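Everything below concerns the one structure shown next.
As the structure is a prediction and not an experimental result, all values here were calculated from the model.
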Amino acid sequence: MFIHTDDITAYIPQRAPIVMVGGILEVKDNMTRTGLQIAPDNLFVEEGVLKSPGLLENMAQTAAARVGYIAQQENTPVPIGFIGAVKDFEVFEFPPAGSFIETTTEIVSQVFNATMVAAKVQLNGKVMAQCELKIFINP
């Protein structure tokens, strides 16, 4: 499964120029995987690389894409969520513009409308950034 950028906005609340997920690669059990071709004119690209705000937004939108995908499957409105906390955000390397990154989120715990996810961004199998996100969904 790959849902292209033209379709991804049906799953996430963000709109251009803030769309940081190119498509959904996989939704399985507690894991979601998305892909993004980093455009050179991306809002978060500086000096030819995707910077920290873009990496964090990409991880958050991967989590949002899962919620939107499930809502679409259940034929319910896509809910709006927000980041309540970011824990242990680490950037090991900034991916260059033009590269294709894959981002994975995995649900660690879920209590009521709060979900804790472990997120990581990879380029060719190498981890570029990772963190834990606490996300609240507006019911």
Side-chain angles (χ1 to χ4, degrees):
M1 150 192 23
F2 185 78
I3 299 164
H4 294 283
T5 305
D6 293 345
D7 304 317
I8 197 68
T9 56
Y11 299 89
I12 61 172
Q14 292 80 7
R15 297 295 177 257
I18 306 294
V19 175
M20 293 300 298
V21 175
I24 298 172
L25 300 172
E26 182 179 15
V27 175
K28 183 179 179 185
D29 301 323
N30 288 334
M31 187 272 299
T32 304
R33 194 166 51 92
T34 63
L36 174 68
Q37 187 78 40
I38 304 169
D41 63 348
N42 183 296
L43 181 65
F44 299 109
V45 168
E46 293 178 20
E47 300 172 359
V49 296
L50 184 64
K51 293 295 192 168
S52 296
L55 291 166
L56 189 57
E57 186 63 29
N58 171 259
M59 289 186 264
Q61 287 185 28
T62 297
R66 173 191 182 75
V67 173
Y69 177 80
I70 291 169
Q72 290 283 338
Q73 297 301 305
E74 296 173 349
N75 204 25
T76 60
V78 175
I80 303 295
F82 61 92
I83 300 171
V86 177
K87 181 179 173 188
D88 299 328
F89 179 60
E90 297 178 282
V91 177
F92 304 105
E93 194 173 327
F94 295 112
S99 61
F100 183 82
I101 56 174
E102 290 188 19
T103 304
T104 305
T105 59
E106 189 165 349
I107 296 173
V108 175
S109 64
Q110 196 165 6
V111 179
F112 300 112
N113 66 334
T115 304
M116 180 68 77
V117 299
K120 66 180 173 183
V121 178
Q122 295 183 67
L123 174 61
N124 298 324
K126 183 178 180 185
V127 177
M128 300 281 108
Q130 64 186 17
C131 72
E132 285 190 9
L133 298 167
K134 185 181 287 185
I135 299 170
F136 293 91
I137 304 296
N138 191 5

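Ile24 and Val19 fall within a single hydrophobic cluster, where Ile, Leu, Val, Met, Phe, Trp and Tyr are joined by side-chain heavy atoms under 4.5 Å apart, directly or via other members.
Other residues, nucleotides and ligands contribute over 12 non-hydrogen atoms within 6.0 Å of the NZ atom of Lys51.
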For a quick test of your reading: what N or O donor-acceptor pairs under 3.5 Å do the side chains of residues 82-94 make, sequence neighbours left out?
residue: Glu90; atom: OE1; partner: Gln130; partner atom: NE2; Å: 2.9
residue: Glu93; atom: OE1; partner: Lys126; partner atom: NZ; Å: 2.7

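Tested against Asn30, the residues Ile107, Thr105, Val117 include a single side chain to side chain contact (heavy atoms under 4.5 Å, CB included) partner, Ile107.
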(message) Applying side-chain contact (heavy atoms from CB on, under 4.5 Å) to Thr103 and Gln61, what does each step give before you reach the verdict?
(response) CA-CA 10 Å; Thr103 304; Gln61 287 185 28; over 6 Å; no
(message) Pair Leu133, Leu56 - check side-chain contact (heavy atoms from CB on, under 4.5 Å), show working.
(response) CA-CA 9 Å; Leu133 298 167; Leu56 189 57; 3.9 Å; yes
(request) May I have the step-by-step check of side-chain contact (heavy atoms from CB on, under 4.5 Å) for Met20 and Gln14, ending in yes or no? (result) CA-CA 8 Å; Met20 293 300 298; Gln14 292 80 7; over 6 Å; no
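Listed by first and then second residue, the salt bridge (Lys or Arg N to Asp or Glu O under 4.0 Å) pairs involving residues 99-112 are Arg33-Glu102 (not counting sequence neighbours).
Shown here for Pro95 and Leu123, the closest heavy-atom pair between the two residues is CB-CD2, 4.3 Å. Smallest separation of non-hydrogen atoms from Val45 and Ala39: CG2-O, 3.6 Å. Of all heavy-atom pairs spanning Met59 and Cys131, the tightest one is SD-SG, 3.8 Å. The minimum heavy-atom distance between Thr62 and Thr32, with the atom names listed, is O-CG2, 3.8 Å. Contact detail for Leu36 and Gly22: the closest heavy-atom pair is CD1-N, 3.7 Å. Nearest heavy-atom pair, Val67 versus Pro79, reported as atom, atom and distance to 0.1 Å: CG1-CG, 3.4 Å.
One N or O on the side chain of Asn42 and one on the backbone of Phe44 form a donor-acceptor pair closer than 3.5 Å. At distances below 3.5 Å, at least one donor-acceptor pair connects side-chain atoms of Arg15 with backbone N or O atoms of Thr9. Side-chain N or O atoms of Gln122 include none that pairs as donor or acceptor with a backbone N or O of Met128 at under 3.5 Å.
Note that the OG1 atom of Thr104 and the CG atom of Leu25 stand 8.5 Å from one another [nearest 0.5 Å].
Within the 4.5 Å cutoff, the side chain of Ile101 has heavy atoms near those of the Leu50 side chain. Residues Ile137 and Ile135 are in side-chain contact: their nearest non-hydrogen atoms beyond the backbone lie under 4.5 Å apart.
Residues satisfying the side-chain hydrogen bond (donor to acceptor under 3.5 Å, both in side chains) test with Gln110, not counting sequence neighbours, are Thr115.
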